S.K.: 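Handing you a structure now.
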4 protein chains.
Amino acid sequence: MSRDSLDDLNAKLLAFARERDWEQFHSPKNLSMALAGEAGELIEHFQWLSEEASADLGAEKKGQVALEMADILIYLIRLSERLGIDLVDAAYRKMAMNQARYPSERVRGDARRAEEYD
Amino acid sequence: MSRDSLDDLNAKLLAFARERDWEQFHSPKNLSMALAGEAGELIEHFQWLSEEASADLGAEKKGQVALEMADILIYLIRLSERLGIDLVDAAYRKMAMNQARYPSERVRGDARRAEEYD
Amino acid sequence: MSRDSLDDLNAKLLAFARERDWEQFHSPKNLSMALAGEAGELIEHFQWLSEEASADLGAEKKGQVALEMADILIYLIRLSERLGIDLVDAAYRKMAMNQARYPSERVRGDARRAEEYD
Amino acid sequence: MSRDSLDDLNAKLLAFARERDWEQFHSPKNLSMALAGEAGELIEHFQWLSEEASADLGAEKKGQVALEMADILIYLIRLSERLGIDLVDAAYRKMAMNQARYPSERVRGDARRAEEYD
């Protein structure tokens, strides 16, 4: 019987925090900071690389990047649990908004931000 | 027939990027920037709130926060696709590392960063 | 004969980059990433602290925070040099905008973001 | 009689906060978040640009980038005031550390992070 990976991670992360009495530190404010800190560590891996080089990491660096991404996912899941937000549902809603905002025939090959379209 | 939500999001996001010829912009370097930009938007929602208030958002703000979190998840999934990284596998590996690094009997109720333990 | 500290830092940082042939890496894109990475390191120092504790750092932590702030200033100066932006002038212009946007009689004791005022 | 620009900005920003009774919100924790949020807005301007294009912004975008950089400087100055940190002194100390850490004859034309040198 399959169980969704995000649900399983969420349950395990919650148990991890409770075993350590760490829920007291996991206010949404603090978790948003921890997530942003990890996002900062992620970009540090790419800041001096060309775009081409960023797509062709060596095994060691790729392993480090994977762990930074794991940290981001972990804090994102913790934050969603604390706020009672369904991450997957939110992602589908955001994708529907992006479908409407960026019709493919209009934006093909053009990455300007939405507000730059009149 | 169930399909894992992250796999389904990944497939849909890849199709979305391809329909717009946006893969050319989705270098790992660029995606890491987009993710960090969204993390910045997320913390802006919490920066002037007390920790208590951050746990009790009104419906409108909660909806906005959910969409910022969706953006982060979306870029995280896109980045994992471009780098060939299995996000869920990375998260389980990181959790195992955290289990070893923060034994519950040692760190209970204490949130100092690992490097601050001798 | 006094010289403005930002001008002096700018001249020394430019010489430092040139001696190492690092200007090639200092595109505005890359410098913005480096700056954001340092901002991420800065918030990591505060993420598990209460607001009160964040105002009363011990000497060691205060020294570490000072160096993170130095990194941010350094990248901000480098970026302004590469883009030909006068940082101090920009700050005065932004302060004038904030004066108009947040009249003190209207926002006293209230930290909501500007867009939340109708 | 000249006065250093950072000192002058600091005095004006402190007065601005006091007139609005905003010092209560300006804990170091909160200011670090605001700074990171602005760093996120900064990188959003560059995330889909090539490195070359990032060095050749049009006037409108350059003006927007200047204001994001102003925000970062403003929060950096506010944070230094709250923590009693001398930003310029910290920058000179960090530059001396970088001089020792990255001897020009060793790192010329090479941007790897310090920890990647053995």
Side-chain angles (χ1 to χ4, degrees), chain C residues 2 4-6 9 12-13 16 19-22 24-25 27-30 32-33 35-36 39-40 42-43 45-46 49-52 54-55 57 62 65-67 69-74 76 79-80 82-88 90-95 97-99 102 104 107-109 111, chain D residues 2 4-6 9 12-13 16 19-22 24-25 27-30 32-33 35-36 39-40 42-43 45-46 49-52 54-55 57 62 65-67 69-74 76 79-80 82-88 90-95 97-99 102 104 107-109 111:
Chain C
S2 91
D4 196 90
S5 55
L6 287 177
L9 282 167
K12 289 192 167 71
L13 289 166
F16 182 89
E19 283 162 19
R20 282 155 189 77
D21 195 16
W22 278 2
Q24 61 181 310
F25 303 113
S27 64
K29 181 183 180 96
N30 288 4
S32 76
M33 295 176 80
L35 194 158
L42 179 69
I43 50 174
H45 285 284
F46 295 112
L49 298 184
S50 68
E51 290 189 56
E52 291 71 20
S54 80
L57 304 178
K62 185 174 160 182
V65 165
L67 292 178
M69 293 173 69
D71 282 325
I72 293 170
L73 183 61
I74 284 168
L76 198 60
L79 184 57
S80 71
R82 293 312 298 266
L83 290 171
I85 284 172
D86 185 319
L87 260 183
V88 172
Y92 282 117
R93 279 190 293 123
K94 187 58 194 272
M95 285 168 64
M97 293 166 68
N98 285 341
Q99 289 275 1
Y102 304 103
S104 57
V107 301
R108 198 181 313 278
Chain D
S2 91
D4 195 273
S5 54
L6 287 177
L9 282 167
K12 289 191 167 72
L13 289 166
F16 182 89
E19 283 162 20
R20 283 155 189 78
D21 195 16
W22 278 2
Q24 60 182 310
F25 304 113
S27 65
K29 180 182 181 99
N30 288 5
S32 76
M33 295 176 79
L35 193 158
L42 179 69
I43 51 173
H45 285 284
F46 295 112
L49 298 183
S50 69
E51 290 189 54
E52 292 72 20
S54 80
L57 304 178
K62 185 174 159 181
V65 165
L67 292 178
M69 293 172 69
D71 282 326
I72 293 170
L73 183 60
I74 285 169
L76 198 58
L79 184 57
S80 71
R82 292 313 298 263
L83 289 172
I85 283 171
D86 184 320
L87 261 183
V88 173
Y92 282 118
R93 279 189 293 124
K94 187 59 194 273
M95 286 169 64
M97 292 167 67
N98 286 341
Q99 290 276 1
Y102 304 102
S104 58
V107 301
R108 199 181 311 279

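Small disclaimer: the values here were computed from a predicted structure and weren't measured. In what follows, every chain begins at residue 1, and chains take the letters A, B, ... in the order their sequences are listed. No hydrogens, no waters, no symmetry mates; every other heavy atom, side chains included, goes into these values.
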S.K.: With sequence neighbours excluded, tell me which residues meet side chain to side chain contact (heavy atoms under 4.5 Å, CB included) with Arg93(C).
M.R.: Asp89(C), Ala90(C), Ala66(D), Leu67(D)

S.K.: Kindly indicate whether the side chain of Ser80(D), heavy atoms from C-beta on, has any atom under 4.5 Å from the side chain of Met69(C).
M.R.: yes

S.K.: Ignoring hydrogens and angles, tell me if any N or O in the side chain of Asn30(D) forms a donor-acceptor pair with the backbone of Glu51(C) under 3.5 Å.
M.R.: no

S.K.: Carefully, step by step, assess Tyr92(D) and Lys12(C) under the rule side chain to side chain contact (heavy atoms under 4.5 Å, CB included).
M.R.: CA-CA 10 Å; Tyr92(D) 282 118; Lys12(C) 289 192 167 71; 3.9 Å; yes

S.K.: Heavy atoms only, distances under 4.5 angstrom: which of Gly40(C), Ser27(C), Ala39(C), Ala55(C) has the most pairs with chain D? Name it, please.
M.R.: Ser27(C)

S.K.: Check each atom of Leu49(D) against the heavy atoms of chain C and say whether the ones under 4.5 Å are side chain, backbone, both or neither.
M.R.: backbone

S.K.: Most heavy-atom pairs under 4.5 angstrom with chain D, which of Ile72(C), Leu42(C), Asp86(C), Leu76(C)?
M.R.: Leu76(C)

S.K.: Looking only at heavy atoms and a cut-off of under 4.5 Å, which of Leu83(C), Leu35(C), Val65(C) has the most pairs with chain D?
M.R.: Leu83(C)

S.K.: Do the side chain of Lys62(C) and the main chain of Leu57(C) share a donor and acceptor less than 3.5 angstrom apart?
M.R.: no

S.K.: Chain C: which of Gly84(D), Ala36(D), Ser32(D), Ala91(D) shares the most heavy-atom pairs with it under 4.5 Å?
M.R.: Ser32(D)

S.K.: Got a sec, which residues hit side chain to side chain contact (heavy atoms under 4.5 Å, CB included) with Gln99(C), two or more places apart in sequence or on another chain?
M.R.: Phe16(D), Arg20(D)

S.K.: Under 4.5 Å, counting heavy-atom pairs only, tell me which of Leu9(C), Ile74(C), Leu73(C) racks up the most with chain D.
M.R.: Leu9(C)

S.K.: Under 4.5 Å heavy-atom distance to chain D, tell me which part of Ser50(C) shows up: side chain, backbone, both or neither.
M.R.: backbone

